[in-house]
Number of protein chains: 2
Amino acid sequence: MKLEIIRKPSLEEALSFIREALRKKEYLVVFGECSVEYEGRGSSRLTSGERMFVVKQDGAVLLHRPEGYSPVNWQPSTASIEARLLHSGELLIVAIRSKPREILRVYFKNIEAAIKGKLMDTGEFVMYLSEAEIRDMIYENPGLIEEGLRITEKEKPIDIGYIDLFGYDSSGRPVIIELKRVPASREAVMQLYNYIVQYKKKYGVDPRGILVAPSFYRSAIDMAEKLGIEWKEINIQKLWKMKKSMEKKEMNTLDRFFKH
Amino acid sequence: MKLEIIRKPSLEEALSFIREALRKKEYLVVFGECSVEYEGRGSSRLTSGERMFVVKQDGAVLLHRPEGYSPVNWQPSTASIEARLLHSGELLIVAIRSKPREILRVYFKNIEAAIKGKLMDTGEFVMYLSEAEIRDMIYENPGLIEEGLRITEKEKPIDIGYIDLFGYDSSGRPVIIELKRVPASREAVMQLYNYIVQYKKKYGVDPRGILVAPSFYRSAIDMAEKLGIEWKEINIQKLWKMKKSMEKKEMNTLDRFFKH
DNA sequence: CTCTGGATGTCGCTA
DNA sequence: TAGCGACGTCCAGAG
């Protein structure tokens with residue numbers, strides 16, 4: 001990232017700075033006092049104030065006021081952006097979108113600073129499920145864990161803490177499931193083991209314990225084997241895709257979908 | 001607007017710069033290479049890349065990649081934002097929102113530039129021709145929809161929801177108008193249909209239903225025909241011009257202007 | 001406070 | 001390309 005910054009430029013200086021950024025399709029940020037007109041799907045006017053104006057490298061345009069999540073004016077994509085000086089002594093930036101036809105005009109009275117440069121970003125963005133969502137999915141579809149499993153409770157309170165999922169296997173033996181959406185450590189095994197001990201003490205029955213996670217540290221597996229705890233790997237990416245397709249289709253096709 | 005800018009700061013320098021901005025609730029923009037974690041309603045991971053990080057004066061947080069209208073990560077409002085250095089040699093910014101509980105963590109590997117300062121913006125933002133305004137225009141000028149239409153109520157409450165506009169046609173039959181200022185989908189037709197059914201059940205009279213929108217999806221038209229619902233296209237650009245000319249001239253010339 | 005409907009919604013998938 | 005539904009939707013207004 002190589003940024004160029006100008007401070008308190010004259011509008012002439014700012015103009016050539018902005019034009020160069022637009023021409024090179026650089027990331028451009030302008031701080032200054034401006035007023036705005038928008039015409040398109042709706043139309044709006046914004047009287048003068050200090051704001052941050054952004055043009056992204058694909059031509060997306062944002063105008064942000066000092067507060068609030070949302071830009072006060074914007075253009076998700078633009079067919080053209082041009083800047084010029086007006087006789088009134090303002091610097092005008094016009095951003096036009098073609099479909100739908102929309103025009104955004106930003107009139108700068110003065111500019112305090114401007115930044116431009118090329119940003120490199122090849123990062124990968126991944127959206128995961130929250131643990132609660134995974135829990136609910138398994139609650140609705142116990143077959144994700146094991147054939148014949150019946151889950152009767154989620155977030156079951158036990159003396160200390162909560163059991164994520166509780167139920168009975170096909171032979172009627174109680175099953176305690178501890179769920180992690182991140183790689184499971186020895187810690188998670190210990191937690192589950194505590195639940196098992198507590199349950200046994202309280203009900204006099206020895207339950208199975210299954211640790212469910214996307215992956216397991218070596219130490220977790222060692223500990224699990226020592227304590228007779230089972231573990232089951234789940235693929236969160238797959239769950240995510242499933243959830244999306246489920247929302248479109250029907251819930252009851254889920255077990256089948258996942259069982260091969 | 002008095003902006004402070006630092007270029008290529010060490011992470012230590014950046015830390016104190018950022019902390020001061022946060023403490024003073026200034027507008028803060030940071031350009032640098034970062035990775036991101038988000039946990040809350042969902043959860044996400046973003047691997048390293050060059051981005052613009054913004055904290056607004058009310059604590060709203062935005063993280064923008066080089067392209068696209070939408071921030072890749074954000075926090076509409078925050079209960080707390082803190083910055084600190086990690087042993088790993090990264091600068092971590094943690095933004096926490098309390099309701100719903102959400103945590104955003106941004107890990108800066110290096111920072112290219114940062115800007116902070118207080119922005120003053122008392123400008124007035126006015127949006128023209130919102131749905132409410134269109135509704136009011138039609139209310140005042142039923143001729144926009146149909147010759148001889150009398151509109152008696154707007155925002156008429158019905159068991160579930162509100163009827164945008166209600167009145168009687170030239171033959172005295174009740175008319176229910178549902179208004180959209182965006183292309184109308186099947187959804188809108190169904191909504192209107194529900195009102196019709198409710199009205200009929202309540203008053204024993206079968207009203208006409210007219211869906212008014214700038215355009216209609218094919219599915220909306222199909223559905224409307226199936227359910228015996230009428231639709232009427234309005235031109236919002238034209239309405240906007242009308243409104244402007246109206247403001248200059250007189251209201252009562254409106255019907256004539258629009259009727260050709 | 002929660003709930004609901006609108007938005008210059010935006011975005012991505014699909015026919 | 002247009003339709004259509006999801007979104008960490010956001011946000012304002014009402015009950």
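Not measured: the values here are computed from a predicted model. Here is the naming used below: chain letters follow the sequence lines, and residue numbers restart at 1 for every chain.
The distance between the ring centers of B/Tyr195 and B/Tyr162 does not fall below 6.0 angstrom.
For B/Arg41, no side-chain nitrogen or oxygen approaches OP1 or OP2 of D/dC7 to under 4.0 Å. For C/dT10, one of the phosphate oxygens OP1 or OP2 lies less than 4.0 angstrom from a side-chain nitrogen or oxygen of A/Trp74. Distances shown here put every side-chain N or O of B/Arg45 at or beyond 4.0 Å from the OP1 or OP2 atom of D/dG8. Contact annotation: B/Arg135 side-chain N/O to C/dG6 OP1/OP2 distance is not under 4.0 Å. Residue B/Arg186 has a polar side-chain atom (N or O) positioned under 4.0 Å from OP1 or OP2 of D/dG5.
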Q. Please walk me through it: do B/Lys116 and B/Glu26 pass salt bridge (charged side-chain N to carboxylate O under 4.0 Å, His left out)?
A. CA-CA 6 Å; B/Lys116 72 182 183 73; B/Glu26 291 177 324; 3.0 Å; yes
When you look at B/Lys232 and B/Glu146, which way does the salt bridge (charged side-chain N to carboxylate O under 4.0 Å, His left out) test go after all the steps?
CA-CA 9 Å; B/Lys232 165 92 185 155; B/Glu146 183 177 289; over 6 Å; no
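In this structure, the CG atom of B/Leu63 is 15 Å from the P atom of D/dG8, given to the nearest Å. One atom, CD of B/Glu133, and another, C1' of C/dT8, lie 13 Å apart when rounded to the nearest Å. Regarding B/Met223, its CE atom lies at a distance of 13 Å from the C1' atom of D/dC4, rounded to whole Å. We find that CG of A/Leu62 is positioned 13 Å from C1' of C/dT8, with the value rounded to whole Å. For the pair B/Leu129 CG and C/dG6 C1', the interatomic distance rounds to 15 Å; values are reported in whole Å. One can place CG of A/Leu46 at 14 Å from C1' of C/dT8, the figure rounded to the nearest angstrom. Following rounding to the nearest Å, B/Phe125 (CZ) and D/dC11 (P) show an atom-to-atom distance of 13 Å. If you measure from atom CG of B/Asp164 to atom C1' of C/dG6, you get 11 Å, rounded to the nearest angstrom.
With its ring centre under 5.5 Å from that of the base six-membered ring and a plane angle below 30°, B/Tyr38 counts as stacked on D/dG8.
Within the 4.5 Å cutoff, the side chain of B/Ile18 has heavy atoms near those of the B/Ile111 side chain. Side-chain contact between A/Val36 and A/Leu104: present, with at least one pair of heavy atoms (C-beta onward) separated by less than 4.5 Å.
For B/Met127, the side-chain atoms get nearest to C/dT8 when compared with the rest of C/dA7, D/dC10, C/dT8. Distances were taken from every side-chain heavy atom of B/Lys180 (C-beta onward) to each of C/dA7, C/dG6, D/dC4; the shortest belongs to C/dG6. The listed nucleotides are D/dC11, C/dC11, C/dG9; the one nearest the side chain of A/Ser70 is D/dC11. Among the nucleotides C/dT10, D/dG8, C/dT2, the one closest to the side chain of B/Lys99 is C/dT2. Proximity note for B/Ser219 (side chain, C-beta onward) versus D/dC10, D/dG3, C/dT10: the nearest is D/dG3. When each of D/dG8, D/dC4, C/dG9 is scored by its nearest atom to the side-chain atoms of B/Gln75, the top-ranked nucleotide is D/dG8. Nearest nucleotide to the B/Pro76 side chain, out of D/dC10, C/dC1, C/dG6: D/dC10.
Judged by distance alone with a 3.5 Å cut-off, a donor-acceptor contact links the side chain of B/Glu102 to the base of D/dG8.
For the pair B/Ser77 and B/Tyr162, both in contact range of DNA chain D, the more 5′-proximal nearest nucleotide belongs to B/Ser77. Along DNA chain C, the nucleotide nearest to B/Gly68 and the one nearest to A/Leu104 differ in position, and the one closer to the 5' end is contacted by A/Leu104.
As judged by a 4.0 angstrom heavy-atom cut-off over every strand, A/Val61 is placed among residues making no nucleic acid contact.
Here, D/dA6 and D/dC10 have their C1' atoms 14 Å apart, quoted to the whole Å. C/dT4 and C/dT8 have their P atoms separated by 22 Å, with the value rounded to a whole Å. For the C1' atoms, the distance linking D/dT9 with D/dG5 amounts to 13 Å, nearest Å.
No side-chain donor-acceptor contact under 3.5 Å links B/Asn141 to the backbone of B/Gly143. For the pair A/Arg51 (side chain) and A/Pro66 (backbone), a donor-acceptor distance under 3.5 Å is absent.
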